[in-house]
Asker: 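Structure below; questions to follow.
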Number of protein chains: 2
Amino acid sequence: MPIRNTETSRVRNIPLFRGANDSAFAMALSGAFLQRFPAGTTLLMEGDSVDFLYILLEGAVELGASWKSKDTTLAIIRPVSTFILAAVVLDSDALMSASTLERSEILMVPGESLRRAMKSDANFCFAVSEELAGCYRGLVRSVKNHKLRDSTERLANYLLTQRARQGGKDTILLPHEKRVLASLLGMTPENLSRAFAKLSAQGVSVDGAQVQLGKIPALERLARPSPLIDNHYAQPKNELGESHIERGKGLLDGVAAL
Amino acid sequence: MPIRNTETSRVRNIPLFRGANDSAFAMALSGAFLQRFPAGTTLLMEGDSVDFLYILLEGAVELGASWKSKDTTLAIIRPVSTFILAAVVLDSDALMSASTLERSEILMVPGESLRRAMKSDANFCFAVSEELAGCYRGLVRSVKNHKLRDSTERLANYLLTQRARQGGKDTILLPHEKRVLASLLGMTPENLSRAFAKLSAQGVSVDGAQVQLGKIPALERLARPSPLIDNHYAQPKNELGESHIERGKGLLDGVAAL
DNA sequence: ACTCTCGCTTGATCAAAATCAAGCGTGTGC
DNA sequence: GCACACGCTTGATTTTGATCAAGCGAGAGT
């Protein structure tokens, strides 16, 4: 599918491409095409060779991994963000699988074009480094989240993060099915239910996808959110829910779709 | 401490700098200095602003994190490799603490010089992107390792990875204290002992830092090592034990100091 | 030699999470 | 309407890992 002007300008304005010069931008997008996928489509399996950088324009995609009949969700991508950038830069195989959670619109940029553009424009290349560094830091947060907190604490922090991102109101909307959320938070759906039940002591009440946070102070006391693990300030997100607010000394960064 | 020629040429030859042009290399290292630290020195705490890229030339350093009086080891760095590159690229605060496990020799490169060098030389900047992508993929492996395997499986895979890296012999030497290893593998020292005990069924016997792997096939049956999680082929390592064998289509990559 | 410390192990107990097994409610398709 | 599937919840049970509490053995300092 051909790329329309609207898409081009949307992509031109994401942090990755904003600083690129016109010829590098044109070079990167040469051979790129737009594709639409229904929900539940597998875009990429673990171990596949990666030929394109994916840029999610609409919809949602899940990055996951599996081993010995277990599987887990590593991140959920929301527009506008790129994914599998690291594999593209190294021209190597995918370490994660990717599949659409909703009907999605994805711009597919040939890896070779992207790498050539990087080598032709140091500013663009620097932006790619920044993006990768942001992804890396998002993952560091994720590892800390998993190694240092138990499942109830992870859920409590997830709720507070969503609250911050959804405007600070005391009622939030879970953006995904609970089973997906459970997998993202590293637990079973059963335990997610139980974790919600435990948090009723902190004023949390659930009705479908709606969650009321009744006693924020109590919830914060349990969750102890930390800017070194949680990023409450991301909105446009990349591979790991990473915001580019990160740019700029001292500002908040990173983060954890989880 | 001034930088000697030997150090300069060692650094010049690591993947990060090999492709840089001479002026970018000189620019990056302008203002760099060499420093020696005894074992147990804290180099950096979580949340500190990061002014230097660290390049470990000798010794070993532990990257860790803590929350609510718990702490964990995220990675162990061995020469020659860089660490906290991501924070330097984004000029932001450290998400991990760093401290020496042994007496260490570290080259400290001012962040600002590094960023200027990146912007002046697209090839160098590309190498930084590759390095970051490798770090990122190492962390992805780490997350998979933790979310998909239980502690005994992690230990079994760790042993097989060490075996491969130490030359394939059936006796390996644990490179760190067991308590550090336990933290890296995401368990308590007590449970590490018990995990070793369980693996005696797979022919594993421990004597201090020496570990005999008596029945490799049995151990592999339990461990089910996967190239998408474990990297058996790394030797020179970066922030996450990442090897730059990764470069080059199709070759193995990533990995998991853990 | 003698303690002291320290790293490690072992056992007993406890807490957290996975698993197994129903059941409930809503929406879809027939 | 009715059956069915599906996502979610709840309870019972098992497994896994953490915590608590000794104890062991090697090495350092006195």
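Protein chains get the first letters and strands the later ones, always in sequence-line order, with residue 1 at the start of each.
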Asker: Between P on D/dG27 and CD on B/Glu177, what's the gap in Å once rounded to a whole number?
Answerer: 14 Å

Asker: Hey, does the side chain of B/Arg10 reach the backbone of B/Leu57 with a donor-acceptor pair shorter than 3.5 angstrom?
Answerer: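 Between the backbone of B/Leu57 and the side chain of B/Arg10 there is a qualifying donor-acceptor contact (under 3.5 Å).
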
Asker: Can a donor-acceptor pair be found, under 3.5 Å and without considering hydrogens, that links the side chain of B/Lys144 to the backbone of A/Ser66?
Answerer: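 Answer holds: no.
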
Asker: What is the distance from CZ of B/Phe196 to C1' of C/dG7, rounded to the nearest Å?
Answerer: 14 Å

Asker: Would the distance check show the side chain of A/Thr82 and the main-chain N or O of A/Tyr54 forming a donor-acceptor pair, the cut-off being under 3.5 Å?
Answerer: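 Absent.
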
Asker: Measure the distance from CG on A/Asp207 to P on D/dC8 and round it to the nearest whole Å.
Answerer: 13 Å

Asker: Main chain of A/Glu153, side chain of A/Asn157: is a donor-acceptor contact present, judged purely on distance under 3.5 Å?
Answerer: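 Flag set: sc A/Asn157 to bb A/Glu153 pair under 3.5 Å.
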
Asker: Just by modelled atom types, is the A/Glu102 backbone N or O under 3.5 Å from a matching donor or acceptor in the A/Ser104 side chain?
Answerer: yes

Asker: Could you run down nucleotides 12-22 of chain D 5' to 3' and tag each one B, S or - for protein heavy-atom contact under 4.0 Å?
Answerer: B----SBBB--

Asker: Nearest-Å distance, CG (B/Leu192) to P (C/dT9)?
Answerer: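 So the CG-P distance, B/Leu192 to C/dT9, works out to 7 Å.
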
Asker: Will you find, in the side chains of B/Thr171 and B/Gln210, an N or O donor that is under 3.5 Å from an N or O acceptor?
Answerer: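 Short answer, no.
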
Asker: Can you tell me the distance, in whole Å, between the NZ atom of B/Lys147 and the P atom of C/dA17?
Answerer: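 B/Lys147 atom NZ is separated from C/dA17 atom P by 14 Å.
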
Asker: Protein-nucleotides 25-29 of chain C N/O pairs closer than 3.5 Å?
Answerer:
none

Asker: Could you check whether any side-chain N or O of B/Lys178 sits under 3.5 Å from a backbone N or O of B/Ala209, counting only pairs where one atom can act as donor and the other as acceptor?
Answerer: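 Not at all, since once roles are kept as given, no pair shorter than 3.5 Å links the two residues.
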
Asker: Nearest whole angstrom, please: distance from the C1' of C/dT9 to the CZ of B/Arg179.
Answerer: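 In whole Å, C/dT9 C1' and B/Arg179 CZ are 16 Å from each other.
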
Asker: Would you give me the side-chain donor-acceptor pairs under 3.5 Å for residues 218-225 of chain A, sequence neighbours excluded?
Answerer:
none

